[in-house]
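Heads up: the structure comes next, in C-alpha cells.
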Amino acid sequence: MKTRILATAASIAALVAVAGGMSASAADLEELKEQGFARIAIANEPPYTAVGADGKVSGAAPDVARVIFERLGVKEVVASISEYGAMIPGLQAGRHDAITAGLFMKPERCNAVAYSEPILCDAEAFAVKKGNPLKLTSYKDIADNANAKIGAPGGGTEEKLALQAGVPRDRVIVVPDGQSGIKMLQDGRIDVYSLPVLSIHDLMDKAKDPNLEVVAPVVGAPVYCDGAAFRKQDVALRDAFDVELKKLKESGEFAKLIEPYGFSAKAAMSTTRDKQCAAAQ
Ligand code: 6CS
C-alpha cells in the first residue's frame with residue numbers, strides 16, 4: 001500500500017480533474033472506493049506526518065489512516081501538505097477527503113468538522129535557548145515579557161494559546177515549518193518556538209544544537225488529542241472510519257502503529273471525541 005505526495009503538476013492536475021468530478025456535497029465511501037484513493041491533508045511535521053525526499057508519506061496519522069482506508073476498500077491515500085489554519089477550509093472546499101495531520105480537537109474545530117474518535121494525544125512544548133534565559137515556561141510568561149517573541153504554526157493551536165494568554169499579535173510570529181522555526185530561534189528572531197512535545201523533540205534531535213533546550217510540558221496548556229477530520233456532511237464516512245479504528249484499538253494493532261512514533265495508545269483510548277470536543281481550550 002503506497003501513500004504518495006502530490007509530486008507533480010500533472011498529478012495535481014489529474015487529481016483536480018478527478019476531484020472536479022466528485023460530488024462536492026460528500027465524499028462517500030463508495031465514491032472513494034471507485035476513485036481508488038482518499039485525499040488527505042497533512043502538515044509534514046514529524047512524527048505526526050512526514051514526507052520523505054522521495055515523496056513517500058509517513059508519520060503516525062497517515063499510517064493509521066492508510067490502514068483504515070485500506071480496510072474500508074480504499075486502496076491508496078494521496079497526501080497534500082497544508083498549513084494547519086488552511087486544513088479545515090480546504091476540507092470544506094472539497095480539496096481533501098479527510099484531514100489526518102494531528103489537527104487537535106477543540107470546540108471551534110469540532111463545530112466545523114466531523115472528527116473520528118481520538119488517535120494522537122500530546123502535550124505542548126517550547127524550544128528555547130540553552131538555560132531558558134527569559135525563563136519562559138508558560139504562554140502567560142511570554143505575554144508578561146514585552147521583549148519575548150514566540151514562533152508557532154499559522155492557524156495552529158500554539159498560536160491560539162499564545163494569543164489567548166495575552167501575547168500581542170506582533171509578538172506571535174507565524175512559522176511555516178519546523179526547520180524554519182529552529183533557524184529563527186537560533187538566529188534570535190524568536191525567543192521561543194512552540195509545537196507539541198513529540199514534534200519539538202523530533203526537531204531538536206535533528207538539529208543537534210547544544211545551545212537549544214526543550215521546556216515540556218508547557219505549564220497551564222492542556223494535553224490535546226487529534227482525530228481524523230471529515231466534512232460535517234460526511235458523517236457516514238467518519239462512522240465507517242471509526243468502526244475500523246475501534247477494531248484497531250481492540251486488536252492491539254493501533255498501539256503497534258503509533259507507539260514506535262512515541263505516541264501513547266492508552267492516552268487516546270482513555271478519552272473520547274465528546275470529551276475532547278467539550279474541553280475548555
Ligand atoms: O492541531 C494543531 O493546531 C497543532 N497540531 C500539531 C500536530 N502541530 C502543531 C499544530 O498547531
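Start at 1 with the first residue, then count along the sequence.
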(message) Does Y48 form a side-chain contact (heavy atoms from CB on, under 4.5 Å) with I42? I'd like the steps, not just the answer.
(response) CA-CA 9 Å; Y48 288 84; I42 66 170; over 6 Å; no
(message) For a quick test of reading the model, state the closest non-hydrogen atom pair linking V175 to G151 and the distance between them.
(response) CG2-CA, 3.6 Å
(message) Hydrophobic clusters here meaning ILVMFWY residues chained together by side-chain heavy-atom distances under 4.5 Å, can you tell me if L120 and V57 are in one?
(response) yes
(message) Quick check: do M87 and L91 have side-chain heavy atoms less than 4.5 Å from each other?
(response) no
(request) May I ask whether Y261 and L245 are part of the same hydrophobic cluster, defined by side-chain heavy atoms of I, L, V, M, F, W, Y residues being less than 4.5 angstrom apart, directly or through others? (result) yes
(request) Give the cluster check for V214 versus I150: same hydrophobic cluster or not, with ILVMFWY residues linked at side-chain heavy-atom distances below 4.5 Å. (result) no
(message) Treating R238 as the side-chain partner and R231 as the backbone partner, does any N or O pair qualify as donor plus acceptor under 3.5 Å?
(response) no
(request) Return the minimal non-hydrogen interatomic distance between P118 and T272, and the atom names on each side. (result) CG-C, 3.6 Å
(request) May I ask you to test the E108-K160 pair for a side-chain heavy-atom distance under 4.5 Å? (result) yes
(request) Please name the pair of heavy atoms, one in S194 and one in E158, separated by the smallest distance, quoted to 0.1 Å. (result) OG-CG, 3.3 Å
(message) Between M269 and K246, is there a side-chain heavy-atom distance shorter than 4.5 Å?
(response) no
(message) Is a donor from one side chain sitting under 3.5 angstrom from an acceptor on the other, for E45 and Y84?
(response) yes
(message) Tell me whether D191 contacts the main-chain N or O of K149 through its side chain, where contact means a donor paired with an acceptor under 3.5 Å.
(response) yes
(message) Quick one: does any side-chain atom of D54 pair with a main-chain N or O of K56 as donor and acceptor, under 3.5 Å?
(response) yes
(request) Using atom types as modelled and distance alone, determine if a side-chain donor or acceptor of S251 lies under 3.5 Å from a backbone N or O of L248. (result) yes
(request) Answer yes or no: is there a donor N or O on one side and an acceptor on the other, between the side chain of R39 and the main chain of G94, under 3.5 Å? (result) yes
(request) Taking all heavy atoms of C277 and all of M105, pick out the closest pair and write down the distance. (result) SG-SD, 4.1 Å
(message) As an exercise, state the distance from CG of D234 to CG of D97, rounded to the nearest 0.5 Å.
(response) 8.0 Å
(message) With rounding to the nearest 0.5 angstrom, report the CG to NZ distance, N145 to K135.
(response) 11.5 Å
(message) Would you say I119 ends up clustered with F104 if hydrophobic residues are merged whenever their side chains have heavy atoms under 4.5 Å apart, either directly or through other cluster members?
(response) yes
(message) Taking R66's backbone N and O only, do any of them form a donor-acceptor pair with E70's side chain (distance below 3.5 Å, no angle check)?
(response) no
(message) To the nearest 0.5 Å, what is the distance between CD on E259 and CZ on F254?
(response) 8.5 Å
(message) Within the 4.5 Å heavy-atom criterion, are I182 and D209 side-chain neighbours or not?
(response) no
(request) Could you state whether F241 and V235 fall into the same hydrophobic cluster, counting links through intermediate Ile, Leu, Val, Met, Phe, Trp or Tyr residues with side-chain heavy atoms under 4.5 angstrom apart? (result) no
(request) Kindly indicate whether the side chain of S199, heavy atoms from C-beta on, has any atom under 4.5 Å from the side chain of Y193. (result) no
(message) Just checking K33: does its NZ atom have more than 12 heavy atoms from other residues, nucleotides or ligands closer to it than 6.0 angstrom?
(response) yes
(request) Kindly compute the distance separating CG (L257) from CZ (F263), expressed to the nearest 0.5 Å. (result) 12.5 Å
(request) For side-chain contact (heavy atoms from CB on, under 4.5 Å), just list the numbers for N44 and D177, CA-CA rounded to whole Å, side-chain angles, deciding distance to a tenth of an Å, and then say yes or no. (result) CA-CA 8 Å; N44 192 15; D177 57 72; over 6 Å; no
(request) To the nearest 0.5 Å, tell me how far I173 CD1 sits from S180 OG. (result) 13.0 Å
(request) For the residue pair L212 and K129, establish whether any side-chain heavy-atom pair is separated by less than 4.5 Å. (result) yes
(request) Before giving the answer on salt bridge (Lys or Arg N to Asp or Glu O under 4.0 Å), spell out for K247 and E250 the whole-Å C-alpha distance, their side-chain angles and the decisive distance to 0.1 Å. (result) CA-CA 5 Å; K247 290 179 195 169; E250 288 168 351; over 6 Å; no
(request) May I ask you to test the L161-Y224 pair for a side-chain heavy-atom distance under 4.5 Å? (result) yes
(request) Identify the heavy atoms of I142 and F126 that sit nearest to each other, and give their distance. (result) CD1-CZ, 3.6 Å
(message) Is any side-chain heavy atom of R109 closer than 4.5 Å to one of T157?
(response) yes
(message) Is it the case that the side chain of E83 and the backbone of P176 share a donor-acceptor pair, with hydrogens and angles ignored and the cut-off at 3.5 Å?
(response) no
(message) I'd like to know if the side chain of D141 and the backbone of S138 have a donor-acceptor N/O pair within less than 3.5 Å.
(response) yes
(message) Could you walk me through whether L163 and V172 satisfy the side-chain contact (heavy atoms from CB on, under 4.5 Å) test, starting with their C-alpha distance in whole Å, then the side-chain angles of each, then the deciding distance to 0.1 Å, before giving a yes or no?
(response) CA-CA 7 Å; L163 294 168; V172 182; 3.7 Å; yes
(message) To the closest 0.5 Å, what do you measure between NE2 (H96) and OG (S82)?
(response) 5.0 Å
(request) Can you see which heavy atom on T49 is nearest to which on A61, and at what distance? (result) CG2-CB, 4.2 Å
(request) Go through the steps for L136 and V215 under the test side-chain contact (heavy atoms from CB on, under 4.5 Å), then give the verdict. (result) CA-CA 8 Å; L136 303 173; V215 174; over 6 Å; no
